[in-house]
Structures are given as structure tokens and as C-alpha cells.
Amino acid sequence: MDWRVVGGTSDITRFLESEYIAAFRNFWTGKLQREWSAEVQAGFADPKLAADAPVIVKEARAAFSGVERELRA
């Protein structure tokens, strides 16, 4: 991303989303030693996760929520 050219809201949103994904993937695969998947990526930051979501996605969401709480503290 070229910071000399101000992007629109969609550019900023895509950038922030990619940073969240990269940081959580690093945490998930590095610190937690868990396998990354498309399911995990699609669900870890979803605040409206369906009750019938796969267990791995629920675990990822719980881990992400825990990281969010730590950052706010």
C-alpha cells in the first residue's frame, strides 16, 4: 500500500483485515501450534458465529476473543 496516496474506506478495511488475519494466523499456528485452514480464517473474527459452526472454528473464535481481551487490558 502506498501511504502517499490516501485510500478509501474499502482500502483501509482490506488492509486492516489482512493485518488481523496475519497476526491471528501467526498466533494460531505459532503459539498454539494449531493447523490453519480456510474454515479457521473465515470464522475466527466473526462475532455472529453460528451455533452449528465447526468445533475448530469455535475454538478459533474463543482464542481470538481471548487475544482481544488481553489487548484491551
Side-chain angles (χ1 to χ4, degrees):
M1 177 174 270
D2 187 350
W3 292 103
R4 294 172 291 169
V5 178
V6 178
T9 304
S10 61
D11 290 337
I12 294 166
T13 302
R14 279 194 303 264
F15 173 75
L16 290 174
E17 182 180 7
S18 71
E19 290 295 303
Y20 266 93
I21 291 170
F24 186 72
R25 182 176 185 168
N26 184 46
F27 173 75
W28 185 255
T29 61
K31 186 172 183 177
L32 299 182
Q33 299 292 305
R34 303 292 301 268
E35 188 173 326
W36 189 254
S37 69
E39 279 183 319
V40 171
Q41 182 171 330
F44 80 90
D46 184 356
K48 297 178 183 176
L49 197 60
D52 63 346
V55 173
I56 188 83
V57 176
K58 289 180 180 178
E59 291 172 349
R61 177 66 193 154
F64 181 71
S65 295
V67 170
E68 283 184 312
R69 282 191 294 275
E70 287 179 26
L71 291 175
R72 286 190 220 136

Exercise. Parallel, tilted or perpendicular: which describes the rings of Phe24 and Phe44, with under 30° parallel and over 60° perpendicular?
Worked result: parallel
Problem set entry | Any donor-acceptor N/O pair, Trp28 side chain to Gln33 backbone, under 3.5 Å | no
Exercise. By side-chain hydrogen bond (donor to acceptor under 3.5 Å, both in side chains), which residues pair with Glu39, not counting sequence neighbours?
Worked result: none
For this session: Working to the nearest 0.5 Å, report the span between OG1 of Thr29 and CG of Leu32.
Result: 9.0 Å
Seminar exercise, completed: Here the pair of heavy atoms bringing Ala60 nearest to Val40 is CB-CG1, 3.8 Å
For this session: If a pair satisfies salt bridge (charged side-chain N to carboxylate O under 4.0 Å, His left out) and one of its residues is in residues 45-58, list it, with sequence neighbours excluded.
Result: none
Exercise. Rounded to the nearest 0.5 Å, what separation is found between the CD1 atom of Ile56 and the CD atom of Glu35?
Worked result: 8.0 Å
Exercise. Does any pair with a residue in residues 14-23 pass salt bridge (charged side-chain N to carboxylate O under 4.0 Å, His left out), and if so which ones, sequence neighbours excluded?
Worked result: Asp11-Arg14
